[in-house]
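Numbering of residues begins at 1 and proceeds along the displayed sequence.
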Amino acid sequence: MMKVEEALHMVGGAGDTSYASNSRLQEKAIRKTKDIVEKALKNINGEVVSKSLVVADLGCSSGPNTFLVISQIISAVMEAGYQKAKEIVFLLNDLPGNDFNTIFRSLSLYEKKVKEENGDQVLPYFVAGVPGSFYGRLFPRNSLHFAHSSYSLMWLSQVPVGIDHQNGGVNINKGNIYISRTSPPIISRLYLEQFKRDFSSFLKLRSQELVNGGQMVLSFLGRKSSDPSKAEVCHLWGLVADALNSMVQEGVLEEEKVNTFNMPFYAASKEEVQQVIQSEGSFYIEQMQILESNWDPFDDSVDDQAFDNVKSGHNVAKCIRAVLEPLLVGHFGKQAIVDQVFERYAHNVAMHLLKEKTKHIVFILALKTKDLNL
């Protein structure tokens, strides 16, 4: 069985199929959080910051978005005139398979760019990598002032236990890789239970690591519908399933292999997210926004129709490949199938966009730790 923590990472490097070259959706979300991040940093009680402001980026990945987050925080701290902070410490976290090497190889170029833009006015800052799952403890108690996470918390710690069970010798979610309209109700329940466990653990552990009054800004994919089988993202993964199933029919892939491939992913509803936060009890929700973003990361229009569905299908496929390729290779063990999967997927997306221009639903939350002294 594929171990999620080993296989779940974005495609590394800076090549054509890398996440660094195909992460504009995340970039859009990061830019949308700019004002929220600035407000959160201003709301951190200056008394708890001695000299160093300590920031964690959870699920940092690699590529330009890693440095975009760093830049936004440096600018926000400097603009706020944060007198207590004499320097900033950035702790970049992701799973061990993340391409940390590319981050650190790029650091000197980034530092040069920062100096060219700000001269000697920029606050001193230090960057360190922290490999590990954010569903476990990562940092010492009361060591963080601010935590940031973008496009990460929809990923689960594991595929829910029981998803690949059989009924009469037939896989209960046969032909699907996620929740779909043909999935039995137990599939949705198992995914929701896994999300609740994981998100509760994330909140509990971050409350231990953040100082009293510490802040978090989180952005991750969610859904509008109360019915998880009708979520926008179900179409996204359903079209991947269609590509895989077509390869089964042609004898390229084994049916059993496809039937046992399931996404360690869950798009929660707004109500589910709020319920977990309230139930876990460590944080106040300071702010919550919902962002809609076209599937095609290069389509910034507000039209209801795709301008060029074939080009958009290609763009979506490149974006999803940068995320999904390591999971596919980890499960099927065949790098050679990847090109075929995403050629078919690009076609499926193009056909879908002729009928419906579907959007991603992104939740943006600002959370503040509750005062334990009250």
Side-chain angles (χ1 to χ4, degrees), residues 1-4 7-8 154-156 158-195 221-223 225-269 295 309 313 316-317 319-321 323-356 358 360-361:
M1 181 180 290
M2 175 184 63
K3 292 184 179 179
V4 170
L8 181 56
M154 62 275 192
W155 294 106
L156 303 173
Q158 63 179 50
V159 172
V161 174
I163 289 292
D164 57 357
H165 283 180
Q166 296 188 348
N167 183 11
V170 178
N171 189 287
I172 60 173
N173 204 29
K174 180 182 178 181
N176 301 311
I177 65 171
Y178 181 61
I179 302 164
S180 83
R181 295 188 182 188
T182 63
S183 300
I186 190 173
I187 299 296
S188 297
R189 291 200 299 272
L190 290 171
Y191 268 104
L192 175 58
E193 289 168 6
Q194 186 65 49
F195 170 75
L221 293 179
R223 70 175 195 271
S225 172
S226 60
D227 182 352
S229 71
K230 296 178 181 178
E232 298 74 11
V233 78
C234 290
H235 295 300
L236 194 76
W237 300 133
L239 296 173
V240 175
D242 290 344
L244 295 172
N245 287 321
S246 70
M247 293 170 73
V248 170
Q249 292 168 4
E250 294 175 21
V252 179
L253 291 176
E254 297 175 17
E255 183 177 18
E256 180 62 22
K257 272 288 190 181
V258 173
N259 286 339
T260 54
F261 178 70
N262 293 286
M263 293 296 295
F265 177 102
Y266 184 69
S269 68
W295 274 12
N309 69 302
V316 174
C319 176
I320 297 302
R321 177 173 181 164
V323 173
L324 200 55
E325 180 174 328
L327 282 173
L328 289 172
V329 174
H331 180 78
F332 292 98
K334 298 179 181 179
Q335 180 68 45
I337 70 161
V338 174
D339 286 344
Q340 279 197 61
V341 171
F342 289 102
E343 284 171 9
R344 294 167 191 246
Y345 180 61
H347 173 76
N348 292 347
V349 172
M351 293 300 99
H352 173 82
L353 291 175
L354 277 179
K355 298 180 290 184
E356 180 184 359
T358 320
H360 293 294
I361 306 302

_Close side-chain approach of Pro264 to Leu327, heavy-atom, < 4.5 Å_ =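 A side-chain contact under 4.5 Å exists here.
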
Check: Val329 and Pro326 side chains under 4.5 Å, non-hydrogen atoms: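 With C-beta onward as the side chain, the pair stays apart.
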
Heavy-atom count check: over 12 atoms from other residues, nucleotides or ligands less than 6.0 Å from Leu192 CG?
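Counting neighbours around CG of Leu192, more than 12 heavy atoms of other residues, nucleotides or ligands fall under 6.0 Å, so yes.
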
Note to self: Counting only heavy atoms from other residues, nucleotides and ligands, does the tally under 6.0 Å from CD of Glu254 exceed 12?
What the structure shows: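 Not buried by this count: 12 neighbours or fewer within 6.0 Å.
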
Search all heavy atoms of [X] against all heavy atoms of [Y] and return the closest pair with its distance.
{"X": "Ser180", "Y": "Ser229", "result": "O-CB, 3.6 Å"}
{"X": "Lys257", "Y": "Thr260", "result": "O-OG1, 3.2 Å"}
{"X": "His360", "Y": "Leu221", "result": "CB-CD2, 3.9 Å"}
{"X": "Gly162", "Y": "Leu190", "result": "C-CD1, 3.8 Å"}
{"X": "Ile177", "Y": "Leu244", "result": "CG2-CD1, 4.1 Å"}
{"X": "Ile179", "Y": "Ser188", "result": "CG2-OG, 3.5 Å"}

Item to complete: State which residues pass side-chain hydrogen bond (donor to acceptor under 3.5 Å, both in side chains) with Gln249; sequence neighbours excluded, sorted by chain then number.
Response: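 Expected list: none.
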
Could you tell me the separation between the [atom1] atom of [X] and the [atom2] atom of [Y], rounded to the nearest 0.5 Å?
{"X": "Asn245", "Y": "Leu253", "atom1": "CG", "atom2": "CG", "answer": "9.5 Å"}
{"X": "Lys355", "Y": "Met351", "atom1": "NZ", "atom2": "CE", "answer": "9.5 Å"}
{"X": "Asn262", "Y": "Asn176", "atom1": "CG", "atom2": "CG", "answer": "8.5 Å"}

**OP:** Take His352 and Trp295 through the test side chain to side chain contact (heavy atoms under 4.5 Å, CB included) and record every step on the way to the result.
**Re:** CA-CA 11 Å; His352 173 82; Trp295 274 12; 3.6 Å; yes

Is there a donor-acceptor contact under 3.5 Å from the side chain of [X] to the main chain of [Y]?
{"X": "Arg223", "Y": "Ser226", "result": "yes"}
{"X": "Asn173", "Y": "Tyr178", "result": "yes"}
{"X": "Asn348", "Y": "Leu239", "result": "yes"}

Pairing residues for Glu255 by the salt bridge (charged side-chain N to carboxylate O under 4.0 Å, His left out) criterion, not counting sequence neighbours: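 Applying salt bridge (charged side-chain N to carboxylate O under 4.0 Å, His left out) to Glu255 gives Lys174.
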
Qualifying salt bridge (Lys or Arg N to Asp or Glu O under 4.0 Å) pairs, either residue in residues 236-249, two or more places apart: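 Sorted pair list comes back empty.
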
Should the pair Arg344-Glu250 be classified as a salt bridge under the 4.0 Å nitrogen-to-oxygen rule?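 Yes.
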
Notebook entry, point to check: Do the rings of Phe261 and Phe332 sit parallel, tilted or perpendicular, given the 30° and 60° boundaries?
Noted result: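 Because their plane-to-plane angle lies in the 30° to 60° range, the rings of Phe261 and Phe332 count as tilted.
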
When you check the side-chain N and O atoms of Ser225 and Asp227, is any donor under 3.5 Å from an acceptor?
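There is no such pair between these side chains.
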
Inset, instruction - Could you check Leu236 against Val316 for side chain to side chain contact (heavy atoms under 4.5 Å, CB included), going step by step and ending with a plain yes or no? - result: CA-CA 9 Å; Leu236 194 76; Val316 174; 4.3 Å; yes

Audit row: Trp237, Phe265, side chain to side chain contact (heavy atoms under 4.5 Å, CB included) steps and yes/no: CA-CA 10 Å; Trp237 300 133; Phe265 177 102; 3.5 Å; yes

Could you check whether Trp155 and Tyr266 have their ring centres less than 6.0 Å apart?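 No, ring centres 6.0 Å or more apart.
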
Going through the checks in order, is the side chain to side chain contact (heavy atoms under 4.5 Å, CB included) test met by Val159 and Met263?
-> CA-CA 6 Å; Val159 172; Met263 293 296 295; over 6 Å; no

